[in-house]
Amino acid sequence: MRRFSIPQPMRCRCRRPSGQAPCSRYRDLPSAGGMRERPTIASEPRSSASARSGEATMQAAEGVVLPGERAPVRVNMDRWRAGLPPDAWPDTLPASGELWRRDVFAVAEAYRAGSASPRQLLTAVLVWGYGPIGYGPWRATRSLDADPDGKRLAYALEELSTPAPDEEALCTAYRRFGDPDHARLPWLGPGLFTKVLYFVGYRRGVGGVQPLILDRVVAGLLPAEAGVGRRNGWSSEEWLAYLRWAAEQARARAVEADEVEMTVAGGG
């Protein structure tokens with residue numbers, strides 16, 4: 001199996017005057033948190049010792065940054081809150097508008113504990129997932145309006161309530177999100193609902209196959225051996241093949257599986 005590598009910084013090759021901002025080719029590249037807005041992130045070489053030292057210091061000081069996560073998703077919280085149903089807003093989201101993955105994991109943990117509703121969970125994931133994208137609140141509202149009591153979401157996520165969801169549970173949850181009669185929601189395709197599965201189903205520190213985000217950015221950067229042959233519309237079997245590949249990469253490198261996903265999304 002090909003050794004998985006840490007991404008090198010993405011550089012603009014346009015001939016531009018010194019000091020001028022990068023061209024829009026990289027500035028507006030869509031990606032996983034905040035449609036994975038990666039311009040400044042990709043310019044930081046993850047492999048440098050100083051970068052890793054800085055990450056470790058930030059983790060120790062704030063307990064917020066996950067290994068492999070290099071920047072928060074930045075959003076206008078007032079705009080998002082004004083555009084969504086009041087009952088669907090999770091009050092624990094930071095008012096600063098800087099969302100780290102751990103902020104969304106906190107809402108997911110509250111959901112599993114019964115203190116956050118399915119709609120609040122979905123809101124937290126979509127705010128992080130869409131980020132500053134202008135149509136984000138509109139699409140999120142359409143998804144929420146189609147599930148006013150959260151029953152469709154709760155049904156889709158039922159199999160992930162166990163302490164350690166197995167592969168069968170992960171595939172069942174994935175398939176349920178595509179079920180038009182019981183769980184499918186408008187504007188919530190695999191690129192977004194795998195984000196929901198990730199935040200609800202990921203169990204840090206236990207290793208093995210874990211639910212991970214699979215969107216067009218990740219799919220377009222995965223190697224052939226990851227088992228994903230399309231840019232969208234993936235089957236549960238393709239998703240599971242990717243999860244198994246990521247689990248093996250994580251085991252070989254002694255890291256979390258989601259760090260593998262973050263590395264892929266960063267261009268590695």
Side-chain angles (χ1 to χ4, degrees), residues 4 31-33 35-36 66-69 73 99-113 116 118 120-129 143 152-179 183-185 188-219 221-222 226-228 230 232-251 253 255-265:
F4 191 64
S31 196
M35 288 320 207
R36 292 195 202 242
L66 297 177
E69 188 178 21
V73 172
L99 282 176
W100 296 90
R101 293 190 182 211
R102 283 199 187 276
D103 295 315
V104 186
F105 272 121
V107 179
E109 289 167 9
Y111 166 75
R112 292 200 305 271
Q120 289 170 332
L121 165 69
L122 182 60
T123 292
V125 174
L126 294 182
V127 172
W128 181 83
S143 298
R152 296 176 76 86
L153 280 165
Y155 170 74
L157 297 170
E158 186 177 28
E159 297 294 317
L160 300 187
S161 61
T162 63
D166 58 17
E167 292 183 3
E168 182 178 355
L170 295 178
C171 285
T172 297
Y174 187 101
R175 294 188 190 108
R176 284 185 177 183
F177 267 112
D179 180 351
R184 190 166 70 193
L185 296 175
L188 200 72
L192 286 171
F193 73 63
T194 57
K195 293 176 174 66
V196 180
L197 296 175
Y198 163 64
F199 284 110
V200 175
Y202 198 95
R203 301 295 185 265
R204 197 163 302 280
V206 302
V209 172
Q210 296 285 340
L212 297 174
I213 295 166
L214 179 60
D215 56 21
R216 286 189 295 176
V217 172
V218 172
L221 294 169
L222 285 171
V228 176
R230 295 177 284 179
N232 53 40
W234 312 281
S235 66
S236 60
E237 290 78 14
E238 286 177 293
W239 186 55
L240 181 59
Y242 155 56
L243 302 187
R244 289 170 173 166
W245 172 84
E248 176 58 26
Q249 296 296 326
R251 186 200 61 77
R253 296 171 56 205
V255 299
E256 285 284 340
D258 62 351
E259 186 171 355
V260 174
E261 173 258 309
M262 292 182 225
T263 301
V264 171

Parallel, tilted or perpendicular, as decided by the 30° and 60° cut-offs, for the rings of F193 and F177: parallel
Carboxylate-amine/guanidinium contact R101 E261, below 4.0 Å: yes
Closest non-hydrogen atom pair, R112 against V200: NH1-O, 2.9 Å
From K195 atom NZ to L214 atom CG, the distance as rounded to the nearest 0.5 Å: 9.0 Å
Carboxylate-amine/guanidinium proximity below 4.0 Å for E256 and R203: no
R204 with D258: basic N within carboxylate O range, under 4.0 Å: yes
Closest approach of L122 to S143 (non-hydrogen atoms, all atoms of both residues): CD2-CB, 4.3 Å
For V218 against A265, the heavy-atom pair lying closest together: CG2-CB, 4.3 Å
Least distance between heavy atoms, A173 atom then L197 atom: CB-CD2, 3.6 Å
Enclosure of R216 CZ (heavy-atom neighbours >12, cutoff 6.0 Å): no
Output field: ring centroids F105/W100 closer than 6.0 Å: no
Side-chain donor or acceptor of S236 paired with backbone N/O of C171 under 3.5 Å: no
Q210 side chain vs G207 backbone, donor-acceptor pair below 3.5 Å: yes
Derivation of the side-chain contact (heavy atoms from CB on, under 4.5 Å) call for R230 and S235: CA-CA 10 Å; R230 295 177 284 179; S235 66; 4.2 Å; yes
Y242: side chain to side chain donor-acceptor pair (under 3.5 Å) partners, not counting sequence neighbours: none
Partner set under salt bridge (charged side-chain N to carboxylate O under 4.0 Å, His left out) for E109, not counting sequence neighbours: none
Under 3.5 Å: donor-acceptor pair, side chain of Q249, backbone of A246: no
Identified salt bridge (charged side-chain N to carboxylate O under 4.0 Å, His left out) counterpart of R244 within the set E238, E237, E167: E167
4.5 Å side-chain heavy-atom contact, E259 and L66: no
Criterion salt bridge (charged side-chain N to carboxylate O under 4.0 Å, His left out) on R176 and E158, from CA distance to verdict: CA-CA 10 Å; R176 284 185 177 183; E158 186 177 28; 3.0 Å; yes
Beyond-backbone contact of Y174 with L240, side-chain heavy atoms, under 4.5 angstrom: no
